[in-house]
Amino acid sequence: MNRISTSVAATLLTGVVALAFTQQANAKSPIPEVRLTEQASVWDNLPAPTEASAIPAPAPETFTILRGRLTQPIESASVWTIGSYGYPTLAFADGVPCGRTDSDEGKIKFPPLEAGTTVELFIDASADAPAQTDGGQVIIEADGNRIDFPGTWRYYTIPATDYSYMRSRPYSDDAPVEGPVFYRGSFTVNSPAGTWIDLSEWGKGVIFINGQYIGVFPQNGGEKVLPIETPLLKTGENEIIILDVAGAPAKAIVRGADSVYGNSIDLSPDMLVASSTLECNGQYVETEFKFPVNTRYIAIEFPEAETAAVADIKVIGPGINRITREKWRIADAGNEQTGHEAPYAIDGDISTYWLSSGHAPHKIVIDMGANYSATAVAVCGSDKSGVKPARFNVYAF
(Lines give C-alpha, C1' and ligand atoms only; values in the text may rest on other atoms or scores of the structure.)
Protein backbone atom coordinates (compact mmCIF):
# COMPACT_ATOMS: atom_id res chain seq x y z
CA MET A 1 0.00 0.00 0.00
CA ASN A 2 1.15 3.49 -0.75
CA ARG A 3 2.74 4.97 2.35
CA ILE A 4 1.26 8.42 1.75
CA SER A 5 -1.52 8.80 4.29
CA THR A 6 -5.09 8.79 3.09
CA SER A 7 -5.89 12.22 4.49
CA VAL A 8 -2.70 13.71 3.05
CA ALA A 9 -3.44 12.07 -0.30
CA ALA A 10 -6.94 13.52 -0.28
CA THR A 11 -5.56 17.01 0.29
CA LEU A 12 -3.02 16.64 -2.51
CA LEU A 13 -5.66 15.20 -4.81
CA THR A 14 -8.12 18.02 -4.43
CA GLY A 15 -5.66 20.87 -4.45
CA VAL A 16 -7.56 22.47 -1.55
CA VAL A 17 -4.47 23.48 0.41
CA ALA A 18 -5.13 27.11 1.29
CA LEU A 19 -7.68 26.43 4.03
CA ALA A 20 -7.05 24.62 7.31
CA PHE A 21 -9.32 21.62 7.72
CA THR A 22 -10.63 21.30 11.26
CA GLN A 23 -13.58 18.89 11.15
CA GLN A 24 -13.40 16.19 13.82
CA ALA A 25 -13.35 12.65 12.48
CA ASN A 26 -16.37 11.50 14.47
CA ALA A 27 -18.62 14.52 13.79
CA LYS A 28 -21.70 13.73 11.70
CA SER A 29 -21.64 15.23 8.23
CA PRO A 30 -24.16 18.04 7.53
CA ILE A 31 -24.47 16.86 3.90
CA PRO A 32 -27.44 14.51 3.36
CA GLU A 33 -27.67 11.81 0.71
CA VAL A 34 -28.46 13.55 -2.58
CA ARG A 35 -29.51 12.18 -5.96
CA LEU A 36 -28.40 14.34 -8.88
CA THR A 37 -31.16 14.31 -11.52
CA GLU A 38 -30.16 17.13 -13.90
CA GLN A 39 -27.80 15.98 -16.66
CA ALA A 40 -26.06 17.20 -19.81
CA SER A 41 -24.15 15.05 -22.30
CA VAL A 42 -20.50 15.89 -22.89
CA TRP A 43 -20.71 14.61 -26.47
CA ASP A 44 -23.61 16.94 -27.26
CA ASN A 45 -22.02 19.99 -25.64
CA LEU A 46 -18.45 20.13 -26.89
CA PRO A 47 -16.67 23.46 -27.40
CA ALA A 48 -15.47 24.58 -30.83
CA PRO A 49 -12.98 22.06 -32.30
CA THR A 50 -9.46 22.40 -33.70
CA GLU A 51 -8.23 20.09 -36.46
CA ALA A 52 -5.09 18.08 -35.76
CA SER A 53 -3.05 15.27 -37.32
CA ALA A 54 -1.61 14.12 -33.97
CA ILE A 55 -2.45 14.45 -30.30
CA PRO A 56 -1.48 17.88 -28.98
CA ALA A 57 0.17 18.27 -25.61
CA PRO A 58 -2.86 18.69 -23.30
CA ALA A 59 -2.94 21.82 -21.16
CA PRO A 60 -2.92 21.18 -17.40
CA GLU A 61 -6.29 21.02 -15.64
CA THR A 62 -8.19 20.15 -18.82
CA PHE A 63 -9.93 17.27 -20.48
CA THR A 64 -8.89 17.01 -24.14
CA ILE A 65 -11.12 15.06 -26.49
CA LEU A 66 -9.68 13.79 -29.76
CA ARG A 67 -12.49 12.84 -32.14
CA GLY A 68 -12.14 11.15 -35.52
CA ARG A 69 -14.60 9.71 -38.01
CA LEU A 70 -13.45 6.69 -40.01
CA THR A 71 -13.59 7.10 -43.77
CA GLN A 72 -12.58 3.46 -44.24
CA PRO A 73 -13.23 0.36 -42.12
CA ILE A 74 -10.69 -1.31 -39.86
CA GLU A 75 -11.83 -4.85 -40.48
CA SER A 76 -9.77 -6.63 -37.80
CA ALA A 77 -9.45 -6.01 -34.10
CA SER A 78 -6.78 -3.36 -33.60
CA VAL A 79 -4.46 -2.27 -30.81
CA TRP A 80 -4.04 1.48 -30.35
CA THR A 81 -1.12 3.05 -28.52
CA ILE A 82 -2.34 6.44 -27.37
CA GLY A 83 0.32 9.14 -27.42
CA SER A 84 3.46 9.50 -25.35
CA TYR A 85 2.36 12.11 -22.85
CA GLY A 86 1.55 9.96 -19.80
CA TYR A 87 -2.03 11.10 -19.16
CA PRO A 88 -4.85 8.59 -18.57
CA THR A 89 -7.01 8.17 -21.68
CA LEU A 90 -10.48 6.70 -22.12
CA ALA A 91 -11.47 5.43 -25.58
CA PHE A 92 -14.95 5.29 -27.12
CA ALA A 93 -16.35 4.02 -30.44
CA ASP A 94 -19.69 5.63 -31.33
CA GLY A 95 -19.99 6.60 -27.67
CA VAL A 96 -19.44 3.04 -26.36
CA PRO A 97 -16.44 2.64 -23.99
CA CYS A 98 -13.66 0.48 -25.43
CA GLY A 99 -11.02 0.75 -22.73
CA ARG A 100 -8.59 3.00 -20.94
CA THR A 101 -4.87 3.46 -20.54
CA ASP A 102 -3.16 4.96 -17.49
CA SER A 103 0.38 5.43 -18.80
CA ASP A 104 2.35 6.36 -21.89
CA GLU A 105 3.01 2.65 -22.48
CA GLY A 106 -0.65 1.68 -22.21
CA LYS A 107 -2.59 0.24 -25.09
CA ILE A 108 -6.29 0.00 -25.90
CA LYS A 109 -7.83 -2.76 -27.98
CA PHE A 110 -10.64 -1.85 -30.35
CA PRO A 111 -13.02 -4.29 -32.02
CA PRO A 112 -13.38 -4.22 -35.84
CA LEU A 113 -14.67 -0.80 -36.83
CA GLU A 114 -16.93 0.07 -39.75
CA ALA A 115 -16.51 3.07 -42.02
CA GLY A 116 -18.36 6.01 -40.48
CA THR A 117 -17.55 4.99 -36.89
CA THR A 118 -16.76 7.93 -34.62
CA VAL A 119 -13.77 7.31 -32.35
CA GLU A 120 -13.24 9.51 -29.30
CA LEU A 121 -10.13 9.58 -27.13
CA PHE A 122 -10.82 11.32 -23.81
CA ILE A 123 -7.47 12.53 -22.46
CA ASP A 124 -7.56 13.31 -18.74
CA ALA A 125 -5.18 16.11 -17.78
CA SER A 126 -7.37 17.26 -14.88
CA ALA A 127 -4.83 16.35 -12.19
CA ASP A 128 -1.10 17.00 -11.92
CA ALA A 129 0.89 16.88 -15.16
CA PRO A 130 3.18 13.86 -15.65
CA ALA A 131 6.90 14.27 -16.09
CA GLN A 132 6.56 14.01 -19.88
CA THR A 133 4.04 16.35 -21.50
CA ASP A 134 5.03 16.42 -25.15
CA GLY A 135 2.49 15.63 -27.85
CA GLY A 136 2.12 12.08 -29.09
CA GLN A 137 0.79 9.96 -31.87
CA VAL A 138 -2.04 7.50 -32.25
CA ILE A 139 -0.34 4.32 -33.39
CA ILE A 140 -2.75 1.73 -34.78
CA GLU A 141 -1.77 -1.90 -35.37
CA ALA A 142 -4.07 -4.50 -36.94
CA ASP A 143 -3.02 -8.07 -37.79
CA GLY A 144 0.52 -7.13 -36.75
CA ASN A 145 0.74 -4.26 -39.24
CA ARG A 146 0.81 -0.56 -38.53
CA ILE A 147 -1.87 1.43 -40.32
CA ASP A 148 -2.66 5.12 -40.64
CA PHE A 149 -5.81 6.49 -39.11
CA PRO A 150 -8.34 6.51 -41.96
CA GLY A 151 -9.88 9.87 -41.21
CA THR A 152 -9.29 13.35 -39.80
CA TRP A 153 -8.84 14.22 -36.13
CA ARG A 154 -10.47 17.14 -34.35
CA TYR A 155 -9.76 17.97 -30.76
CA TYR A 156 -11.77 19.78 -28.09
CA THR A 157 -10.65 21.17 -24.74
CA ILE A 158 -12.84 21.19 -21.62
CA PRO A 159 -11.50 23.34 -18.73
CA ALA A 160 -11.65 20.97 -15.76
CA THR A 161 -11.58 23.67 -13.07
CA ASP A 162 -13.81 26.30 -14.78
CA TYR A 163 -17.10 26.61 -12.88
CA SER A 164 -18.68 29.00 -15.39
CA TYR A 165 -18.16 26.45 -18.15
CA MET A 166 -19.66 23.62 -16.08
CA ARG A 167 -22.57 25.77 -14.91
CA SER A 168 -23.51 26.89 -18.44
CA ARG A 169 -24.21 23.40 -19.81
CA PRO A 170 -27.87 22.83 -20.87
CA TYR A 171 -28.96 20.60 -17.96
CA SER A 172 -32.28 18.77 -17.98
CA ASP A 173 -33.95 15.93 -16.08
CA ASP A 174 -34.93 14.01 -19.22
CA ALA A 175 -33.93 10.38 -19.90
CA PRO A 176 -30.36 9.44 -18.89
CA VAL A 177 -27.62 10.13 -21.41
CA GLU A 178 -24.69 7.90 -22.39
CA GLY A 179 -20.97 8.52 -22.25
CA PRO A 180 -19.30 11.24 -20.15
CA VAL A 181 -21.94 13.32 -18.36
CA PHE A 182 -22.30 16.62 -16.50
CA TYR A 183 -24.56 16.40 -13.43
CA ARG A 184 -26.14 19.12 -11.34
CA GLY A 185 -28.19 19.06 -8.14
CA SER A 186 -28.63 20.72 -4.77
CA PHE A 187 -28.84 19.84 -1.08
CA THR A 188 -29.93 21.63 2.07
CA VAL A 189 -27.61 22.27 5.01
CA ASN A 190 -28.94 23.33 8.40
CA SER A 191 -25.65 23.90 10.22
CA PRO A 192 -22.60 24.42 7.96
CA ALA A 193 -19.43 22.70 9.15
CA GLY A 194 -16.24 21.27 7.74
CA THR A 195 -16.98 17.78 6.48
CA TRP A 196 -16.30 15.19 3.80
CA ILE A 197 -18.20 14.11 0.70
CA ASP A 198 -18.42 10.47 -0.43
CA LEU A 199 -18.16 9.89 -4.21
CA SER A 200 -17.88 6.11 -4.08
CA GLU A 201 -20.78 5.68 -6.53
CA TRP A 202 -18.92 7.66 -9.20
CA GLY A 203 -16.20 6.83 -11.69
CA LYS A 204 -13.69 9.51 -12.63
CA GLY A 205 -14.06 13.27 -12.85
CA VAL A 206 -14.28 16.63 -11.08
CA ILE A 207 -16.67 18.18 -8.54
CA PHE A 208 -17.81 21.73 -7.72
CA ILE A 209 -19.82 22.97 -4.73
CA ASN A 210 -21.34 26.46 -4.65
CA GLY A 211 -19.15 27.55 -7.55
CA GLN A 212 -15.94 26.32 -5.91
CA TYR A 213 -13.76 23.69 -7.57
CA ILE A 214 -13.30 20.93 -4.98
CA GLY A 215 -11.03 18.52 -6.84
CA VAL A 216 -10.74 15.35 -8.87
CA PHE A 217 -11.84 11.86 -7.94
CA PRO A 218 -10.36 8.74 -9.55
CA GLN A 219 -11.79 5.69 -11.27
CA ASN A 220 -9.33 3.07 -10.05
CA GLY A 221 -7.52 3.49 -6.75
CA GLY A 222 -7.05 6.75 -4.87
CA GLU A 223 -9.61 8.49 -2.73
CA LYS A 224 -13.29 9.04 -3.43
CA VAL A 225 -13.93 10.84 -0.12
CA LEU A 226 -12.95 14.49 -0.46
CA PRO A 227 -12.76 17.26 2.19
CA ILE A 228 -15.24 20.16 2.16
CA GLU A 229 -14.15 23.23 4.10
CA THR A 230 -16.61 25.10 6.35
CA PRO A 231 -16.67 28.32 4.26
CA LEU A 232 -17.77 26.39 1.18
CA LEU A 233 -21.11 25.33 2.67
CA LYS A 234 -23.94 27.72 3.54
CA THR A 235 -27.17 27.51 5.47
CA GLY A 236 -29.99 26.51 3.13
CA GLU A 237 -29.59 25.37 -0.46
CA ASN A 238 -26.15 24.39 -1.80
CA GLU A 239 -25.36 23.62 -5.44
CA ILE A 240 -23.28 20.66 -6.60
CA ILE A 241 -21.94 19.96 -10.11
CA ILE A 242 -20.07 16.80 -11.15
CA LEU A 243 -18.47 15.86 -14.46
CA ASP A 244 -18.03 12.08 -14.64
CA VAL A 245 -15.88 11.24 -17.65
CA ALA A 246 -16.24 7.48 -17.09
CA GLY A 247 -19.95 7.66 -17.97
CA ALA A 248 -23.19 7.73 -16.05
CA PRO A 249 -22.92 5.95 -12.67
CA ALA A 250 -25.41 3.27 -11.71
CA LYS A 251 -26.57 5.59 -8.92
CA ALA A 252 -26.03 9.35 -9.33
CA ILE A 253 -25.81 9.78 -5.56
CA VAL A 254 -23.49 11.74 -3.30
CA ARG A 255 -23.56 11.72 0.48
CA GLY A 256 -21.72 13.28 3.35
CA ALA A 257 -19.08 11.29 5.22
CA ASP A 258 -17.99 11.47 8.84
CA SER A 259 -14.28 11.33 7.99
CA VAL A 260 -11.88 10.86 5.10
CA TYR A 261 -12.49 7.12 5.50
CA GLY A 262 -16.28 7.36 5.13
CA ASN A 263 -18.98 7.04 7.78
CA SER A 264 -18.23 5.86 11.29
CA ILE A 265 -18.61 2.10 11.90
CA ASP A 266 -20.15 1.02 15.19
CA LEU A 267 -18.60 -2.01 16.89
CA SER A 268 -20.78 -4.41 18.88
CA PRO A 269 -19.97 -7.21 21.39
CA ASP A 270 -21.04 -9.94 18.96
CA MET A 271 -18.16 -8.89 16.66
CA LEU A 272 -15.51 -9.36 19.38
CA VAL A 273 -13.07 -12.20 18.59
CA ALA A 274 -10.00 -11.48 20.75
CA SER A 275 -8.39 -9.23 23.35
CA SER A 276 -4.77 -8.64 24.33
CA THR A 277 -2.27 -6.02 25.48
CA LEU A 278 -0.05 -4.05 23.10
CA GLU A 279 3.49 -3.24 24.21
CA CYS A 280 4.89 -0.28 22.28
CA ASN A 281 8.32 -1.87 21.81
CA GLY A 282 8.52 -2.47 18.08
CA GLN A 283 7.57 -6.15 18.50
CA TYR A 284 4.50 -7.96 17.16
CA VAL A 285 1.88 -9.31 19.55
CA GLU A 286 0.12 -12.27 17.94
CA THR A 287 -3.40 -12.79 19.26
CA GLU A 288 -5.48 -15.82 18.32
CA PHE A 289 -9.22 -15.50 17.79
CA LYS A 290 -11.68 -17.32 20.02
CA PHE A 291 -12.87 -19.09 16.88
CA PRO A 292 -11.99 -18.97 13.14
CA VAL A 293 -13.94 -16.38 11.18
CA ASN A 294 -14.71 -15.65 7.54
CA THR A 295 -14.55 -11.89 7.41
CA ARG A 296 -13.80 -8.81 5.33
CA TYR A 297 -13.36 -6.26 8.11
CA ILE A 298 -10.96 -6.33 11.06
CA ALA A 299 -11.12 -3.65 13.75
CA ILE A 300 -8.58 -2.91 16.47
CA GLU A 301 -10.06 -0.93 19.37
CA PHE A 302 -8.32 0.57 22.40
CA PRO A 303 -11.22 1.08 24.82
CA GLU A 304 -9.38 2.88 27.63
CA ALA A 305 -5.97 4.05 26.35
CA GLU A 306 -5.14 7.73 26.54
CA THR A 307 -3.36 7.35 23.17
CA ALA A 308 -2.90 4.41 20.80
CA ALA A 309 0.11 3.88 18.54
CA VAL A 310 0.10 1.04 15.99
CA ALA A 311 3.06 0.52 13.64
CA ASP A 312 1.72 -2.47 11.73
CA ILE A 313 -1.14 -4.97 11.59
CA LYS A 314 -1.08 -8.42 10.05
CA VAL A 315 -4.09 -10.69 9.66
CA ILE A 316 -3.34 -14.40 9.77
CA GLY A 317 -5.32 -17.19 8.15
CA PRO A 318 -5.34 -20.97 8.68
CA GLY A 319 -1.89 -22.54 8.73
CA ILE A 320 -0.30 -19.25 9.85
CA ASN A 321 -0.65 -17.84 6.32
CA ARG A 322 -0.58 -14.06 6.34
CA ILE A 323 -3.48 -12.57 4.39
CA THR A 324 -2.40 -10.37 1.48
CA ARG A 325 -2.70 -6.59 1.91
CA GLU A 326 -3.06 -5.95 -1.81
CA LYS A 327 -6.64 -4.63 -1.54
CA TRP A 328 -6.55 -3.30 2.00
CA ARG A 329 -7.81 0.15 2.86
CA ILE A 330 -8.82 2.00 6.01
CA ALA A 331 -12.61 1.84 6.38
CA ASP A 332 -12.80 3.91 9.57
CA ALA A 333 -10.58 5.49 12.19
CA GLY A 334 -11.10 7.84 15.05
CA ASN A 335 -9.30 11.16 15.49
CA GLU A 336 -5.64 10.93 14.54
CA GLN A 337 -2.52 13.06 14.70
CA THR A 338 -1.20 14.75 11.58
CA GLY A 339 1.71 12.81 10.11
CA HIS A 340 0.59 9.60 11.82
CA GLU A 341 -2.65 8.77 10.00
CA ALA A 342 -4.29 5.34 9.97
CA PRO A 343 -2.86 4.08 6.63
CA TYR A 344 0.56 4.00 8.27
CA ALA A 345 -0.67 1.08 10.41
CA ILE A 346 -1.08 -1.13 7.33
CA ASP A 347 1.83 -0.05 5.09
CA GLY A 348 4.12 -2.89 6.24
CA ASP A 349 6.73 -0.46 7.57
CA ILE A 350 7.13 -0.49 11.37
CA SER A 351 9.06 2.80 11.28
CA THR A 352 5.76 4.56 10.50
CA TYR A 353 2.72 4.37 12.74
CA TRP A 354 -0.86 5.43 13.40
CA LEU A 355 -1.17 7.71 16.44
CA SER A 356 -4.62 8.47 17.82
CA SER A 357 -5.81 11.73 19.33
CA GLY A 358 -8.80 12.81 21.37
CA HIS A 359 -10.58 10.68 23.93
CA ALA A 360 -10.90 6.88 24.17
CA PRO A 361 -12.06 4.63 22.72
CA HIS A 362 -9.67 4.71 19.76
CA LYS A 363 -10.22 2.41 16.80
CA ILE A 364 -8.92 1.54 13.38
CA VAL A 365 -10.99 -0.54 10.95
CA ILE A 366 -9.45 -2.38 8.00
CA ASP A 367 -11.37 -3.33 4.87
CA MET A 368 -9.42 -6.24 3.35
CA GLY A 369 -11.28 -5.90 0.04
CA ALA A 370 -12.79 -9.40 0.14
CA ASN A 371 -13.76 -12.10 2.64
CA TYR A 372 -10.94 -14.20 4.07
CA SER A 373 -10.67 -17.01 6.59
CA ALA A 374 -8.85 -15.55 9.58
CA THR A 375 -7.64 -17.04 12.86
CA ALA A 376 -5.42 -14.35 14.41
CA VAL A 377 -3.90 -10.90 14.15
CA ALA A 378 -0.36 -9.72 14.80
CA VAL A 379 -0.17 -6.12 15.98
CA CYS A 380 3.05 -4.14 16.34
CA GLY A 381 3.16 -1.18 18.72
CA SER A 382 5.48 1.66 17.74
CA ASP A 383 8.65 2.00 19.82
CA LYS A 384 9.00 5.62 18.63
CA SER A 385 5.72 6.95 19.93
CA GLY A 386 6.37 7.05 23.69
CA VAL A 387 2.91 5.54 24.24
CA LYS A 388 2.25 3.30 27.24
CA PRO A 389 1.14 -0.35 26.91
CA ALA A 390 -2.59 -0.61 26.37
CA ARG A 391 -5.34 -3.21 26.27
CA PHE A 392 -6.96 -3.72 22.87
CA ASN A 393 -9.91 -5.64 21.44
CA VAL A 394 -10.16 -7.25 18.01
CA TYR A 395 -13.45 -7.32 16.09
CA ALA A 396 -14.29 -9.20 12.90
CA PHE A 397 -17.36 -8.62 10.74
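For this chain, numbers begin at 1 and follow the sequence in order.
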Nearest atoms (heavy-atom pairs only) where [X] meets [Y]:
X: Gln39; Y: Val181; answer: CB-CG1, 4.0 Å
X: Phe289; Y: Ala274; answer: CD2-CB, 4.0 Å
X: Ala309; Y: Ser385; answer: CB-OG, 3.3 Å
X: Leu278; Y: Cys380; answer: CD1-C, 4.0 Å
X: Phe302; Y: Arg391; answer: CD2-O, 3.5 Å
X: Asp198; Y: Ala257; answer: CB-CB, 4.3 Å

Decide yes or no on side chain to side chain contact (heavy atoms under 4.5 Å, CB included) for Lys224 and Trp202, but give the supporting numbers first. CA-CA 8 Å; Lys224 288 191 179 180; Trp202 300 78; 5.5 Å; no

Pick from Val315, Ile298, Val377: which one makes a side chain to side chain contact (heavy atoms under 4.5 Å, CB included) with Ile323?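 Going through the options one by one, the only one that passes is Val315.
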
Applying the side chain to side chain contact (heavy atoms under 4.5 Å, CB included) test to Val310, which of Leu355, Ile350, Val379 qualifies?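 Among Leu355, Ile350, Val379, the one that satisfies the side chain to side chain contact (heavy atoms under 4.5 Å, CB included) with Val310 is Val379.
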
Side-chain donor/acceptor of [X] to backbone N/O of [Y], under 3.5 Å:
X: Asn238; Y: Gly236; result: yes
X: Asp244; Y: Gly203; result: yes
X: Trp153; Y: Arg69; result: no
X: Lys363; Y: Asp332; result: no
X: Glu38; Y: Leu36; result: no
X: Asp258; Y: Ser264; result: yes
X: Thr295; Y: Phe397; result: yes
X: Arg325; Y: Ile313; result: yes
X: Ser29; Y: Ile31; result: yes
X: Asp124; Y: Thr89; result: no

Would you please say whether a donor-acceptor pair under 3.5 Å links the side chains of Glu336 and Tyr344?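 No - no donor-acceptor pair under 3.5 Å links their side chains.
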
Close side-chain approach of [X] and [Y], heavy atoms under 4.5 Å:
X: Met166; Y: Val206; result: yes
X: Tyr261; Y: Val365; result: no
X: Glu288; Y: Ile316; result: no
X: Glu279; Y: Pro389; result: yes
X: Val34; Y: Val254; result: yes
X: Phe392; Y: Thr287; result: yes
X: Leu90; Y: Arg100; result: yes
X: Ile158; Y: Val245; result: no

Spell out, yes or no, whether [X] and [Y] are grouped together once hydrophobic residues are joined by side-chain heavy atoms under 4.5 Å, including indirect joins.
X: Leu121; Y: Ile147; value: yes
X: Phe291; Y: Val394; value: yes
X: Val285; Y: Leu272; value: no
X: Ile364; Y: Met271; value: no
X: Ile197; Y: Val189; value: yes

Give the C-alpha distance, both sets of side-chain angles, the deciding distance and a yes or no for side chain to side chain contact (heavy atoms under 4.5 Å, CB included) between Ile330 and Trp354. CA-CA 11 Å; Ile330 300 299; Trp354 166 61; over 6 Å; no

Once you round to the nearest 0.5 Å, how far does [atom1] of [X] lie from [atom2] of [Y]?
X: Asn190; Y: Leu233; atom1: CG; atom2: CG; result: 11.5 Å
X: Glu304; Y: His362; atom1: CD; atom2: NE2; result: 11.0 Å
X: Lys327; Y: Tyr372; atom1: NZ; atom2: OH; result: 6.0 Å
X: Ile209; Y: Ile228; atom1: CD1; atom2: CD1; result: 3.5 Å
X: Leu113; Y: Ser78; atom1: CG; atom2: OG; result: 5.5 Å
X: Trp43; Y: Asp94; atom1: CH2; atom2: CG; result: 11.0 Å

Decide if atom [atom1] of [X] counts as having more than 12 heavy atoms of other residues, nucleotides or ligands within a radius under 6.0 Å.
X: Glu141; atom1: CD; result: yes
X: Arg296; atom1: CZ; result: yes
X: Glu33; atom1: CD; result: yes
X: Glu306; atom1: CD; result: no

Give the ring-plane orientation class for Phe110 versus Trp80, where under 30° counts as parallel, over 60° as perpendicular and anything between as tilted.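 Tilted.
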
Can you list the residues that meet the side-chain hydrogen bond (donor to acceptor under 3.5 Å, both in side chains) rule with Asn145, with sequence neighbours excluded? none

Between Lys384 and Tyr353, is NZ or CZ placed under 6.0 angstrom from the six-membered ring centre and within 45° of the ring axis? no

Does Arg167 make a cation-pi contact with Tyr165, if we ask for NZ or CZ under 6.0 Å from the ring centre and within 45° of the axis?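 No - Arg167 does not lie over the ring of Tyr165 by the 6.0 Å and 45° rule.
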
Where do Leu267 and Asn393 land on the side chain to side chain contact (heavy atoms under 4.5 Å, CB included) test, with the steps shown first? CA-CA 10 Å; Leu267 304 177; Asn393 296 324; over 6 Å; no

Full working for ring-ring contact (aromatic ring centres under 6.0 Å, His included) between Phe63 and Phe122: CA-CA 7 Å; Phe63 296 105; Phe122 205 111; 5.5 Å; yes

Should Tyr171 and Ile241 be marked as a side chain to side chain contact (heavy atoms under 4.5 Å, CB included) after you check the CA-CA gap, both sets of side-chain angles, and the distance that decides it? CA-CA 11 Å; Tyr171 293 92; Ile241 291 178; 3.5 Å; yes

